[in-house]
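Okay, structure first, notes after.
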Amino acid sequence: MKMIAGGGLSITGAHTMCGDYLYSGHTVMLTLTYLFIKEYSPKDWWWYHWSCWILSIVGVFCILLAHDHYTVDVVVAYYITTRLFWWYHTMANQQVLKEASKTNFLSQVWWYKLFCFLESNVQGIVPHTYHLPFSWSSISQFFGKKMKYSRLVTDT
């Protein structure tokens, strides 16, 4: 009862783990971050993919070593997160799965209409392109430019 009343937090005087049993939110975040990085970063950044994968694995082991979650919590979180990620991206990249029909059983899930609304402007496969939000020349100009500061003079 203390667990339910406190939501896993220490407001009831006793702290019992983080409150999410049988599903590790920490593992979800580590796994989902890696999956998004792997899916949407440039494919030739293999060193970045490997380092993020290693950091995710180390993070999961730290969760287990710190006894923040049971092993089954971590395994179930990894399994559900990867399946939902791959399920959603498969549906987003297949035009046939965006059309409700008797043979499309995915159209019977409760969030299918929301999915169709969110993906309505995507025709075909989503291109895997990556652009920095700034150009390299603007970075070099910013760091190469010496800024001089002076006192603010006001005419009063």
Side-chain angles (χ1 to χ4, degrees), residues 1-136 138-139 142-143:
M1 191 63 183
K2 283 184 183 179
M3 188 66 169
I4 294 171
L9 303 174
S10 59
I11 60 175
T12 58
H15 181 74
T16 308
M17 299 178 84
C18 68
D20 49 348
Y21 290 110
L22 196 62
Y23 193 76
S24 169
H26 302 102
T27 304
V28 169
M29 291 310 298
L30 289 168
T31 305
L32 204 54
T33 301
Y34 169 71
L35 289 171
F36 275 111
I37 288 171
K38 176 79 170 139
E39 182 72 21
Y40 293 108
S41 65
K43 301 301 177 204
D44 58 343
W45 288 13
W46 60 269
W47 52 270
Y48 183 56
H49 299 157
W50 275 98
S51 61
C52 289
W53 182 77
I54 289 169
L55 288 173
S56 294
I57 296 298
V58 168
V60 168
F61 279 123
C62 287
I63 291 169
L64 292 172
L65 288 174
H67 300 286
D68 281 344
H69 290 280
Y70 298 118
T71 305
V72 70
D73 298 345
V74 171
V75 171
V76 167
Y78 171 80
Y79 183 80
I80 291 174
T81 303
T82 54
R83 296 317 175 263
L84 284 176
F85 182 86
W86 292 330
W87 186 15
Y88 188 92
H89 282 78
T90 300
M91 289 175 67
N93 287 325
Q94 300 292 327
Q95 192 63 33
V96 173
L97 297 177
K98 293 180 188 177
E99 300 164 1
S101 68
K102 291 182 180 181
T103 57
N104 182 7
F105 294 108
L106 294 174
S107 64
Q108 297 175 8
V109 293
W110 65 269
W111 49 267
Y112 184 75
K113 289 186 180 186
L114 176 64
F115 165 78
C116 287
F117 173 74
L118 294 174
E119 300 294 330
S120 62
N121 64 343
V122 178
Q123 303 299 325
I125 296 175
V126 178
H128 291 258
T129 59
Y130 178 77
H131 299 286
L132 292 173
F134 43 80
S135 66
W136 287 111
S138 65
I139 294 173
F142 178 76
F143 287 110

Minimum heavy-atom separation for [X] and [Y], please, with both atom names.
{"X": "Trp45", "Y": "Ser41", "value": "CE3-CB, 4.4 Å"}
{"X": "Arg83", "Y": "Trp86", "value": "NH1-CZ3, 3.3 Å"}
{"X": "Ala77", "Y": "Ser24", "value": "CB-O, 3.4 Å"}
{"X": "His69", "Y": "Val74", "value": "CB-CG2, 4.2 Å"}

I need the [X] [atom1] to [Y] [atom2] distance, nearest 0.5 Å.
{"X": "Leu35", "Y": "Thr82", "atom1": "CG", "atom2": "OG1", "result": "7.0 Å"}
{"X": "Glu39", "Y": "His49", "atom1": "CD", "atom2": "NE2", "result": "9.5 Å"}
{"X": "Ile57", "Y": "Tyr34", "atom1": "CD1", "atom2": "OH", "result": "9.0 Å"}
{"X": "Trp47", "Y": "Ser51", "atom1": "CH2", "atom2": "OG", "result": "6.5 Å"}
{"X": "Ser56", "Y": "Leu32", "atom1": "OG", "atom2": "CG", "result": "10.5 Å"}
{"X": "Gln95", "Y": "Glu119", "atom1": "CD", "atom2": "CD", "result": "10.5 Å"}

With heavy-atom distances below 4.5 Å as the criterion, would you say the side chains of [X] and [Y] are in contact?
{"X": "Trp87", "Y": "Leu84", "result": "yes"}
{"X": "Leu106", "Y": "Thr90", "result": "no"}
{"X": "Cys52", "Y": "Lys38", "result": "no"}

Is the centre of the Trp50 ring less than 6.0 Å from the centre of the Trp53 ring?
yes
Do [X] side-chain atoms and [Y] backbone N/O form a donor-acceptor pair below 3.5 Å?
{"X": "Thr33", "Y": "Leu30", "result": "no"}
{"X": "Lys98", "Y": "Met91", "result": "no"}
{"X": "Thr31", "Y": "Val28", "result": "no"}

Is the count of non-hydrogen atoms from other residues, nucleotides or ligands lying under 6.0 Å from Trp111 atom CH2 greater than 12?
yes
Please determine whether the number of non-hydrogen atoms from other residues, nucleotides or ligands lying under 6.0 Å from atom OH of Tyr78 exceeds 12.
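No - once you tally the heavy atoms of other residues, nucleotides and ligands closer than 6.0 Å, there are 12 at most.
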Using side chain to side chain contact (heavy atoms under 4.5 Å, CB included), reason through Asp73 and Thr27 one step at a time and then give a plain yes or no.
CA-CA 9 Å; Asp73 298 345; Thr27 304; over 6 Å; no
Hey, can you tell me if Phe115 and Tyr88 have their rings parallel, tilted or perpendicular (30° and 60° cut-offs)?
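Because their plane-to-plane angle is over 60°, the rings of Phe115 and Tyr88 count as perpendicular.
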Once side-chain hydrogen bond (donor to acceptor under 3.5 Å, both in side chains) is applied, do any residues pair with Ser101, and if so which ones, sequence neighbours excluded?
Thr103
Applying side chain to side chain contact (heavy atoms under 4.5 Å, CB included), run through Asn104 and Val96 and close with a yes or a no.
CA-CA 8 Å; Asn104 182 7; Val96 173; over 6 Å; no
